[in-house]
Amino acid sequence: MRFFTTALAGASALVSLVAAQSLTLQFRGLEGLYTVGVPTTISYVAPDLEDPVTITLRRGESGNLDTIATLTSSATGGSYRWTPDEDLPVGADYALQITQGDEINYSGQFTIAGGPNPSTSTLSSGMTTSTETETASITQTRVRV
Ligand SMILES: *[C@@H]1O[C@H](CO)[C@@H](O)[C@H](O)[C@H]1NC(C)=O
């Protein structure tokens, strides 16, 4: 009987640990690279999955992100289907923000590929600027992952 009680206490401690983890508002399993025009599923966990979340696309330095677009303000159930807009410029400094009530969290930074690349289209010679080389190698690294 004593053993049974101990085992039961252990099991309920484990259950509450799992429950506590799933209460944190956060993205799950995001990829490092998205391509414009290609639909993708953004997954997340939230304290209450039936309570709508707002997902915002942002871009820039991690401490100083610009807001690009609100993707949805009514996602529920832990996932949202997103097709990156064809107009989004190529970049390796995008991030997603998720908001539910007073809670807010961010994804890591990721790349959006396949969109317009203004610096390439304005090039008149065949030379590549160092900024472009950098962006290209970041993209390649993430593709390989
Ligand atoms: C934000 O998400 C990370 C995982 O991406 C998680 O470790 C952290 O606890 C979350 N922060 C908040 C305030 O929910």
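For ligands, and for the atoms within them, numbers begin at 1 and follow the listed sequence. Being a predicted model, the structure only gives us computed values, none of them experimental.
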Please report, to 0.1 Å, the donor-acceptor pairs under 3.5 Å made by any side chain of residues 86-94, with sequence neighbours excluded.
| from | atom 1 | to | atom 2 | distance (Å) |
| --- | --- | --- | --- | --- |
| D93 | OD1 | R59 | NE | 2.6 |
| D93 | OD1 | R59 | NH2 | 3.4 |
| Y94 | OH | P89 | O | 2.6 |

Handout entry: Linked hydrophobic residues, L65 as query - side chain contacts closer than 4.5 Å
Key = I104, Y106
Fill in the blank from the handout: CG (L96) and OH (Y34) are apart, to the nearest 0.5 Å, by 7.0 Å
Practice task
Please tell me if the side chains of F110 and L33 come closer than 4.5 Å, counting only heavy atoms from C-beta onward.
Solution key: no
Practice task
Taking all heavy atoms of T83 and all of G37, pick out the closest pair and write down the distance.
Solution key: CG2-C, 3.5 Å
Donor-acceptor pairs under 3.5 angstrom involving side-chain atoms of residues 66-76: please list them, not counting sequence neighbours.
| from | atom 1 | to | atom 2 | distance (Å) |
| --- | --- | --- | --- | --- |
| T67 | OG1 | R58 | NE | 3.4 |
| T72 | OG1 | S74 | N | 3.0 |
| T72 | OG1 | A75 | N | 3.4 |

Pick out the protein N or O atoms lying less than 3.5 Å from any N or O of ligand 1, and list each pair with its distance.
| from | atom 1 | to | atom 2 | distance (Å) |
| --- | --- | --- | --- | --- |
| ligand 1 | 2 (O) | N105 | OD1 | 3.4 |
| ligand 1 | 2 (O) | N105 | ND2 | 2.4 |
| ligand 1 | 11 (N) | N105 | ND2 | 2.9 |
| ligand 1 | 14 (O) | N105 | ND2 | 3.3 |

